[in-house]
**Q** 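Before I ask anything, let me first share the structure, which is written out below as structure tokens.
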Amino acid sequence: MSDFTPRSEFLQTLMARGYVHQCSDFASLDALAAEGKVVAYVGYDCTAPSLHVGHLISIMMLSWLQRTGNTPIALMGGGTTRVGDPSGKDETRKILTIEQIDANKAEIRKTFAKFLDFGPGKAVMTDNAEWLAPLNYIEFLRDVGRHFSVNRMLSMDSVKLRLERENELSFIEFNYMLLQSYDFVELSRRYGCNLQMGGSDQWGNIVNGIDLGRRMGTPQLHALTCPLLTTASGAKMGKTAAGAVWLDAGMLSAYEYWQFWRNTEDADVGRFLRLFTFLPLDEIARLEALSGAGINEAKKVLATEATALMHGREAAEAAAETARTTFEAGGTAADLPGIEVPEAELKAGLGVLSAFVRAGLVASNGEARRQVQSGGLRVNDAVVTDIGQTLTLADATQAGAIKLSFGKKKHVLIRPA
RNA sequence: GGGGGAAUGUCCCGAGCGGCAAAGGGGGCGGACUGUAAAUCCGCUGGCUAAGCCUUCGCAGGUUCGAGUCCUGCUUCCCCCA
């Protein structure tokens with residue numbers, strides 16, 4: 001599939017940067033893209049109030065689509081979120097209330113605004129609840145359901161896996177692919193959408209949509225999937241100790257987001273620079289070629305560029321500076337994450353163990369105790385050896401705060417208030 | 001409808017003669033080594049006012065000095081027969 005040589009800037013870019021996993025028809029899509037006639041959508045669930053790093057790759061694809069003169073559509077799954085996609089999951093997804101979905105949707109909207117231009121005639125954002133919610137069951141069965149073969153649906157990976165593993169697959173989830181297919185058709189009719197993009201796990205669902213389109217008389221539709229991202233050591237991308245790496249600043253600060261990218265494995269740096277920044281390829285090639293400790297420079301560029309896209313250039317530079325002060329100069333940057341503790345409490349003396357719990361660095365006093373055993377806790381850069389140690393106002397440094405560190409990378413400031 | 005099997009530490013998989021805070025993995029976290037990397041090695045991976053106390057093995061009862069383990073009922077899932 002990769003021996004195809006595209007003419008269009010869109011496909012050239014995507015292929016060169018490693019976004020392409022599979023495509024239903026390269027030549028046909030390339031022809032559309034060369035004329036700026038691609039209208040492509042990616043669907044996003046509204047199960048959380050923020051998207052996470054896992055979604056970023058497809059957002060970047062939409063952005064490149066726009067940058068190369070085509071039209072992106074961000075589809076909010078306000079309707080499908082009420083059903084739940086069984087793809088790649090063993091367990092039935094929680095079904096959210098409409099209020100939760102709407103609230104999540106509003107937050108997610110803000111993220112897209114940073115990557116896409118929604119001006120008149122530009123990118124489109126819509127919600128499939130618009131056409132899915134008013135659907136009439138009988139009509140839907142008659143117009144759409146008739147085109148689906150249960151035999152074939154049963155043979156699809158997403159379904160087959162669940163059956164083979166003897167996992168429950170509810171009827172409502174079984175219907176998810178019908179709804180997603182119908183979305184594609186509906187978007188084709190409403191916006192002339194002719195391409196759906198998504199992760200490689202979406203291939204089956206997307207191809208179903210293409211089929212449905214053919215049967216329901218839309219122009220030819222296309223599928224383009226990107227690889228599912230894992231790190232070079234095989235871990236799922238976008239998970240940290242704290243959980244998902246959220247895009248929204250309210251869920252994860254710019255500093256923590258910067259740190260996430262800074263901690264990229266050596267082997268991933270080039271790949272991530274191509275996928276998650278807009279830096280020119282020759283510049284990336286130069287950074288990627290750095291070896292040994294030099295590759296850290298590339299990681300900083302990656303972190304700052306990726307953070308700038310999401311949180312703005314200024315926040316990204318600030319995060320880089322905070323990191324520099326903390327890690328390279330060994331100092332205490334004033335804008336590390338922090339918590340406030342009433343002055344009176346500090347006067348009375350606050351136990352180290354509970355201080356670390358308060359700071360959210362460890363889950364319980366017990367864990368704090370154990371970490372002291374292994375030398376993982378530090379106060380103002382001094383290793384904690386006595387679990388009975390208490391913190392008082394006198395421990396505040398000239399910056400006016402007490403620095404708690406858990407491991408080498410996690411720091412929280414305690415500020416008297 | 002009948003018969004058989006399963007549910008374990010709230011991340012997952014998974015052992016468990018009536019003495020069990022419960023083997024072993026994976027994952028995660030910390031330490032050492034490094035470069036805020038990977039690999040490797042070591043340690044940790046229920047809670048608390050901590051030589052003690054409390055809460056955990058699908059749910060509810062029972063037997064017992066003592067129950068994850070035995071008995072009864074229930075729930076859910078799987079397999080075979082109808």
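Basis for what follows: all heavy atoms, side chains included, without hydrogens, waters or symmetry-related copies. Protein chains get the first letters and strands the later ones, always in sequence-line order, with residue 1 at the start of each.
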**Q** Report which part of the nucleic acid A:Ile295 touches: base, sugar-phosphate, or nothing (heavy-atom distance under 4.0 Å, all strands).
**A** base

**Q** Give me syn or anti for B:C41, where syn covers glycosidic angles within 90 degrees of 0.
**A** anti

**Q** Give the nucleotide from the list B:U49, B:G47, B:G30 with an atom nearest to the side chain of A:Phe406.
**A** B:G30

**Q** With nearest nucleotide decided by heavy atoms, which residue, A:Asp266 or A:Arg370, maps closer to the 5′ end of RNA chain B?
**A** A:Asp266

**Q** For B:A38 and A:Lys299 - does any side-chain N or O of the residue sit under 4.0 Å from the phosphate oxygens OP1/OP2?
**A** no

**Q** Would you mind telling me which residue lines up with the more 5' stretch of RNA chain B, A:Val357 or A:Gly292, judged by nearest nucleotide?
**A** A:Gly292

**Q** State the pairing partner of B:U69; accept Watson-Crick or G-U wobble contacts with both distances under 3.5 Å, and report none otherwise.
**A** none

**Q** If you measure only the distance, is there a donor-acceptor pair under 3.5 Å linking the side chains of A:Gln196 and A:Gln202?
**A** no

**Q** Can you classify the ring geometry of A:Phe276 versus A:Trp261 as parallel (below 30°), tilted (30 to 60°) or perpendicular (above 60°)?
**A** tilted

**Q** Just checking A:Gln259: base, sugar-phosphate only, or nothing, at a heavy-atom cut-off of under 4.0 Å?
**A** base

**Q** Measure the distance from CZ on A:Phe272 to C1' on B:A38 and round it to the nearest whole Å.
**A** 14 Å

**Q** Which base, if any, makes a Watson-Crick or G-U wobble pair with B:A6, both distances under 3.5 Å?
**A** B:U76

**Q** Could you walk me through whether A:Glu367 and A:Arg370 pass the salt bridge (Lys or Arg N to Asp or Glu O under 4.0 Å) check?
**A** CA-CA 5 Å; A:Glu367 189 188 348; A:Arg370 280 181 236 116; 5.7 Å; no

**Q** Under 3.5 Å for both donor-acceptor distances, Watson-Crick or wobble: does B:U40 have a partner, and if so which one?
**A** B:A32

**Q** Evaluate the side-chain proximity of A:Val379 to A:Leu404: yes if any heavy-atom separation is below 4.5 Å, no if none is.
**A** yes

**Q** When rounded to the nearest Å, what value does the distance between C1' atoms of B:C77 and B:G31 take?
**A** 43 Å

**Q** Could you check whether the side chain of A:Lys408 and the base of B:U34 have a donor-acceptor pair of N or O atoms closer than 3.5 Å, going by distance alone?
**A** yes

**Q** In chain order, what residues pass the side-chain hydrogen bond (donor to acceptor under 3.5 Å, both in side chains) check against A:Asp381, with sequence neighbours excluded?
**A** A:Lys403

**Q** For B:G27, which nucleotide is its Watson-Crick or G-U wobble mate, given both distances must be under 3.5 Å?
**A** B:U45

